[in-house]
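Just so it is clear, the structure is predicted and the values come from calculations on it, not from any experiment. Below, each value reflects all heavy atoms present in this structure, side chains not excepted, and no hydrogens, waters or symmetry copies. Just follow the structure's listing: the first ligand is 1, and inside any ligand the first atom is 1.
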Amino acid sequence: MDPDPQAGVQVGMRVVRGVDWKWGQQDGGEGGVGTVVELGRHGSPSTPDRTVVVQWDQGTRTNYRAGYQGAHDLLLYDNAQIGVRHPNIICDCCKKHGLRGMRWKCRVCLDYDLCTQCYMHNKHELAHAFDRYETAHSRPVTLSPRQGLLRIPLRGIFQGAKVVRGPDWEWGSQDGGEGKPGRVVDIRGWDVETGRSVASVTWADGTTNVYRVGHKGKVDLKCVGEAAGGFYYKDHLPRLGKPAELQRRDGGVYRTDGHRASHHGPRGRARAVQPRDALDLPPRGAHQASQGSHLGLTPARSWLLSAWTLLPWLWG
Ligand SMILES: [Zn+2]
Ligand SMILES: [Zn+2]
Ligand SMILES: [Zn+2]
């Protein structure tokens, strides 16, 4: 059993292009944000193990290498969407309790923590080095000070973005019809489960509803007018699919392959040999046909039901 499932790659994680990226402007240009919507599986001809399918905020949907043949096309920008939380940690800048997403701890000051947003917004001394904790159970990774490092502006479905219905849309004509734009007024969490995982959108008729942008790996929206979403230090984000080191109770360290570990069987045994065609398969690019093949596979009816149950006043 994986001692920390949140350390693996999960649907719903928010990502940006990474160190081995060679796919042009599929992300809409560097700084464009996307959501992991499907995980590779052993033996899958289209999406082999250690690849992921990403739905970019601006609409492209393609698969990428997350450790496949040793290559990492993506960086993890945010994992609050899969429910990562540090229950007893407070961000010493924005004062949020139970810090969500990655945790950044100053190595110079005693007991000083930042959330991802505050860290990337240059809060605290830029000359102080920080440790990054990917989850509440991760072993810390020591980073260089932020001073003088390249910081890239984020763009996508953030507050102020102009959006239309996206690939997982199943909300009838709440938007006033396909292609009718609305405006994102807020990005927030869904109940206590997930953080920064849904967007509140106001449509032309003045109604406002919430839609999934990462919650349960679903993306209800597509960006037609991107908004600025802050910044990120490219050198300080983890590579998606890179082996994560987990803390053990006795202080030792587990290594995982950065995937969900459950399907691999006992450690130290040989991996199953994959079909030849899967091993040679490149990411398939943004073809309409392959985009279409992912649509409508897993309708989130349970989410709809819970939405009705929890927030009936939001649904018109
Ligand atoms: Zn903060
Ligand atoms: Zn400090
Ligand atoms: Zn795997």
Side-chain angles (χ1 to χ4, degrees), residues 4 6-7 10 12-16 31-35 57 75-161 184-200 210 213-215 226-238 240 244-245 247:
D4 182 11
Q6 290 182 329
Q10 303 269 313
M13 284 176 159
R14 299 278 280 159
V15 296
V16 293
V33 185
T35 304
D57 284 10
L75 298 171
L76 173 63
Y77 168 69
D78 199 359
N79 57 13
Q81 294 77 14
I82 66 162
V84 169
R85 195 166 189 216
H86 306 260
N88 301 314
I89 306 298
I90 299 169
C91 174
D92 287 293
C93 180
C94 67
K95 307 297 180 192
K96 282 192 188 110
H97 291 236
L99 192 152
R100 288 182 180 277
M102 288 180 276
R103 169 193 175 196
W104 312 76
K105 186 178 195 310
C106 185
R107 286 178 63 80
V108 178
C109 302
L110 186 68
D111 196 19
Y112 190 93
D113 295 279
L114 290 177
C115 68
T116 295
Q117 280 63 35
C118 290
Y119 183 80
M120 299 302 176
H121 274 100
N122 281 350
K123 302 301 181 186
H124 199 58
E125 293 294 328
L126 293 182
H128 288 187
F130 276 68
D131 282 338
R132 183 191 67 220
Y133 292 77
E134 205 172 312
T135 75
H137 307 289
S138 303
R139 191 162 177 265
V141 172
T142 298
L143 306 166
S144 56
R146 290 165 290 174
Q147 203 161 45
L149 289 184
L150 179 65
R151 201 166 61 128
I152 294 168
L154 273 171
R155 306 177 329 273
I157 300 175
F158 296 105
Q159 190 177 342
V184 174
V185 292
D186 190 26
I187 299 288
R188 59 183 188 80
W190 182 255
D191 196 34
V192 293
E193 280 178 70
T194 61
R196 296 186 283 275
S197 52
V198 298
S200 305
V210 292
V213 183
H215 183 78
E226 294 173 322
F231 300 87
Y232 64 96
Y233 285 102
K234 194 175 182 175
D235 298 333
H236 286 182
L237 295 179
L240 194 78
E245 290 188 344
Q247 213 150 31

For the pair His124 and Tyr112, name the ring-plane relationship: parallel under 30°, tilted 30 to 60°, perpendicular over 60°.
->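 Parallel, since the angle between the ring planes stays under 30°.
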Going by the angle between their ring planes, with limits at 30° and 60°, are Trp104 and Tyr119 parallel, tilted or perpendicular?
-> parallel
Assess Cys91: does it contribute an N, O or S atom lying under 2.8 Å from the Zn ion (ligand 1)?
-> yes
Flag side-chain contact, heavy atom, 4.5 Å: Gln117 against Cys94 | no
Angle subtended at the Zn ion (ligand 1) by Cys118 SG and Cys115 SG, to the nearest 10 degrees, is 100°
Using only N, O or S atoms, tell me which atom of His128 is closest to the Zn ion (ligand 2).
-> ND1
Given SG of Cys109 on one side and NE2 of His124 on the other, what angle do they make at the Zn ion (ligand 2), to 10°?
-> 100°
Are the side chain of Arg146 and the backbone N or O of Met120 linked by a donor-acceptor pair below 3.5 Å?
-> no
